[in-house]
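Numbers here are sequence positions counted from 1.
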Amino acid sequence: MVDTEGPFMWRHWLVAFLLLSTVPISSSDVSGRAVSIDIDLEKQIWLSSDSIIIEININGAPFNKDILLEWELMDSQGDLTYGNFTFQMSSSNHIEQIEVLDFFRGNHFIDFDVKISFDATTAEDSIGFIVLSDVVLPVNIDDILVFGDSLSDMGNGKDSLLDVPDVPPYWNGRFSNGPIWIDHVSSEMSINLTHGSGWSAGGNRAFGGAQTGQGYAYLVLPNVGVQISNFLSGVQSNITSNQLVIVWAGGNDFLYGTGNPDVISQNMASHVRELALAGGSEFVVVNLPPIQLTPEGQSKTSSQQSQMAQDIQSYNSKLQTEMTNLSNSMNLNITMVDAWSVFNDILANPGHVGITNTQDPACSGAGGLLPLPICSAGDAVASNVDEYLFFDKAHPTATMHELIGALALEYIGQNDSDGDGIIDSLDNCDWSSGEVDEVGCDWSQQDEDLDGIANGLDDCLETESGFEVDSNGCAPYQRDSDEDGLTDDIDPCPNDIPGNDHDSDGCIDLVDDDDDNDGFSDEQDDCPTGLIGISSSDFDQIPMMMAMDYQTKMNSYAVATHTTLIATMMEYGMAKMHFLWILWNG
């Protein structure tokens with residue numbers, strides 16, 4: 001007989017196995033999947049007092065599994081702060097947020113790294129951003145005067161017969177695609193800065209294309225010397241002490257002029273001297289960035305670029321010397337803004353401000369009739385212009401101008417890292433919040449009872465003077481260490497462990513020799529936890545009680561009679577009268 005059932009059953013199970021093996025496994029069970037994380041920031045330029053929310057997007061991780069997230073915040077000196085926690089995916093695109101604050105220690109470039117891990121799978125991402133110090137700006141300044149070139153021109157070139165630059169692609173007559181550095185500075189100082197040239201009013205006299213010295217560039221563009229003389233002769237002959245005078249020029253001298261560091265630095269010194277003689281006392285002077293690295297500078301030969309780099313560094317050094325000498329000899333307050341370092345730092349860390357292109361101009365154009373490195377109307381502009389360092393061949397984008405303005409404010413003002421209005425050099429308390437006192441401390445950081453413990457850490461805020469306190473700010477008369485209802489100063493056992501205290505004397509029964517406080521030790525007392533104290537209801541205590549009471553009466557009365565004795569005996573009951581009679585008769 002042939003067995004057909006066995007092979008049939010074997011084939012049946014084989015087919016079933018093959019069919020089941022083709023059923024897709026749910027995504028939550030997949031291992032080795034592609035997991036990714038991505039960091040989002042609202043912006044990349046922050047102030048030191050800001051609370052920064054970092055958003056972390058996680059994709060592709062499994063559900064119902066603990067995932068470890070580790071993060072670290074660093075500056076050029078190393079770790080600032082770090083942390084870790086576990087989470088589970090709430091959706092296919094899960095978001096975690098991390099708040100970082102109160103970490104700034106003077107370094108502008110900050111890096112944030114994050115990593116997630118589960119089983120043998122890891123994913124990580126990082127982002128860089130810039131943090132600038134909050135500052136307290138001079139309170140005696142209520143006006144700004146600006147002399148210079150296109151880096152500071154707010155519309156003088158546009159209002160002139162030259163009608164440059166074209167709008168669009170430029171913004172409101174600025175040689176950029178948005179507000180320029182001096183817009184940010186004047187706004188933060190709450191000063192309404194307007195532009196004007198020749199004999200027209202306006203504090204910003206900077207003119208695109210200008211060079212240092214006297215005369216005109218290209219016959220029509222007023223150089224810095226002319227800007228100053230026109231202002232002093234036609235607008236305001238005297239400069240007051242509440243006017244901040246800003247001078248930034250020299251770039252066009254190196255690109256199209258003499259390029260001589262000695263001549264240019266001496267021109268700048270003469271401009272500041274002339275303004276000081278007119279009454280100016282508060283100055284901001286900006287040195288030059290590495291102009292050889294602009295698109296216009298890179299269009300020159302390598303030898304020309306090398307020579308320009310050396311000459312600009314020489315100029316910056318000579319300019320610093322000239323300004324130091326003027327400050328000392330004329331008693332001037334001159335703040336130097338180091339644009340050279342600012343640009344080089346950004347070139348080394350472009351990603352920290354969201355810049356992806358540091359070489360090409362965002363606007364591609366040949367310029368107008370004059371040999372200026374600018375674009376014309378209709379020239380194409382990159383769609384991601386905010387990611388460019390240069391808008392045209394020589395001028396920064398609005399992104400870069402914002403950073404220049406913010407850094408200039410750091411130079412102009414005095415650092416106030418926690419933004420409480422008290423400069424760091426006078427601030428006794430770091431990272432205050434809310435209203436502060438004259439030394440920069442908020443209520444939680446102050447010490448109202450002068451016991452050496454800040455209010456925010458003090459459990460006893462009204463300690464009397466002269467008492468030594470613990471780490472919580474409490475004197476013995478204020479604290480109850482064992483929480484038995486008796487303060488330490490009157491508690492014979494202030495550090496008891498928890499336990500029953502029958503007589504409530506501050507010592508638990510475990511260490512108390514007389515738990516009912518009746519004068520008998522617990523070892524001698526048949527009722528160690530009886531009524532508290534000496535009691536007439538405690539018959540084994542009556543002999544001692546009556547003896548004590550009788551002695552008191554004998555001291556009180558000169559002569560005792562049998563009648564008095566009997567009355568005394570009756571106080572304690574007839575049950576003990578015989579014992580008292582024996583005591584009376586000796």
Side-chain angles (χ1 to χ4, degrees), residues 81-86 102 428-434 437 441-556 568 571-573 575-576 579-580 583:
T81 183
Y82 55 88
N84 65 79
F85 57 87
T86 59
D102 301 349
N428 290 347
C429 297
D430 295 333
W431 309 116
S432 305
S433 60
D437 60 14
C441 299
D442 60 35
W443 179 87
S444 68
Q445 297 168 320
Q446 296 167 19
D447 180 12
E448 291 181 344
D449 54 10
L450 303 178
D451 61 359
I453 306 298
N455 293 342
L457 303 174
D458 198 332
D459 292 338
C460 304
L461 291 173
E462 298 181 354
T463 305
E464 297 177 9
S465 61
F467 286 90
E468 185 176 348
V469 300
D470 61 12
S471 59
N472 296 319
C474 296
Y477 77 89
Q478 295 172 304
R479 61 178 180 257
D480 180 8
S481 300
D482 54 10
E483 299 181 350
D484 62 357
L486 296 177
T487 55
D488 290 359
D489 60 323
I490 60 173
D491 192 339
C493 302
N495 297 304
D496 263 353
I497 62 174
N500 186 57
D501 181 7
H502 182 67
D503 57 3
S504 301
D505 65 350
C507 298
I508 62 172
D509 296 347
L510 183 65
V511 299
D512 193 346
D513 291 337
D514 183 7
D515 290 334
D516 56 6
N517 200 24
D518 61 0
F520 288 85
S521 69
D522 292 346
E523 293 181 357
Q524 300 171 333
D525 198 332
D526 291 338
C527 299
T529 56
L531 295 175
I532 305 302
I534 300 173
S535 171
S536 60
S537 301
D538 192 348
F539 293 139
D540 62 357
Q541 298 181 40
I542 286 179
M544 179 182 70
M545 290 166 50
M546 288 194 303
M548 293 169 57
D549 189 43
Y550 173 73
Q551 184 64 44
T552 300
K553 292 183 182 295
M554 289 295 291
N555 292 337
S556 303
T568 302
E571 282 187 52
Y572 297 99
K576 300 296 182 178
F579 177 74
L580 286 174
L583 287 176

- Taking side chain as C-beta onward, heavy atoms only, is Asn472 less than 4.5 Å from Cys460?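 When only atoms from C-beta onward are counted, Cys460 and Asn472 do not touch, as no gap falls below 4.5 Å.
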
Rounded to the nearest 0.5 Å, how far does [atom2] of [Y] lie from [atom1] of [X]?
{"X": "Ile490", "Y": "Asp505", "atom1": "CD1", "atom2": "CG", "answer": "11.5 Å"}
{"X": "Leu457", "Y": "Ser471", "atom1": "CG", "atom2": "OG", "answer": "9.5 Å"}
{"X": "Glu462", "Y": "Gln478", "atom1": "CD", "atom2": "CD", "answer": "8.5 Å"}
{"X": "Cys429", "Y": "Asp437", "atom1": "SG", "atom2": "CG", "answer": "6.5 Å"}
{"X": "Thr529", "Y": "Asp514", "atom1": "OG1", "atom2": "CG", "answer": "11.0 Å"}
{"X": "Ser465", "Y": "Asp451", "atom1": "OG", "atom2": "CG", "answer": "11.0 Å"}

- Message: I'd like to know if the side chain of Gln445 pairs up with that of Trp431 as donor and acceptor (distance under 3.5 Å, no hydrogens or angles considered).
- Response: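 Gln445 vs Trp431: no donor-acceptor pair found between side chains.
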
- Query: Around Tyr82, counting heavy atoms of other residues, nucleotides and ligands shown, do more than 12 lie under 6.0 Å from its OH?
  - Reply: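 Open.
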
Determine yes or no for a side-chain-to-main-chain donor-acceptor pair under 3.5 angstrom, with [X] supplying the side chain and [Y] the backbone.
{"X": "Asp442", "Y": "Ser432", "value": "no"}
{"X": "Asp496", "Y": "Asp482", "value": "no"}
{"X": "Asn455", "Y": "Glu448", "value": "yes"}
{"X": "Asp509", "Y": "His502", "value": "yes"}

Atom of [X], atom of [Y] and distance for their closest heavy-atom approach:
{"X": "Asp503", "Y": "Ile532", "answer": "CA-CD1, 3.7 Å"}
{"X": "Thr487", "Y": "Tyr477", "answer": "CG2-O, 3.4 Å"}
{"X": "Asp480", "Y": "Asp488", "answer": "CA-OD1, 3.6 Å"}
{"X": "Trp443", "Y": "Gly456", "answer": "CZ3-N, 4.5 Å"}
{"X": "Asn495", "Y": "Ser481", "answer": "OD1-CB, 3.6 Å"}
{"X": "Ile453", "Y": "Asp458", "answer": "O-OD2, 3.6 Å"}

- Task: Please report the C-alpha distance between Asp525 and Asp518 in whole Å, then the side-chain angles of each, then the deciding distance to 0.1 Å, and finally whether the side chain to side chain contact (heavy atoms under 4.5 Å, CB included) criterion is met.
- Result: CA-CA 9 Å; Asp525 198 332; Asp518 61 0; 2.5 Å; yes

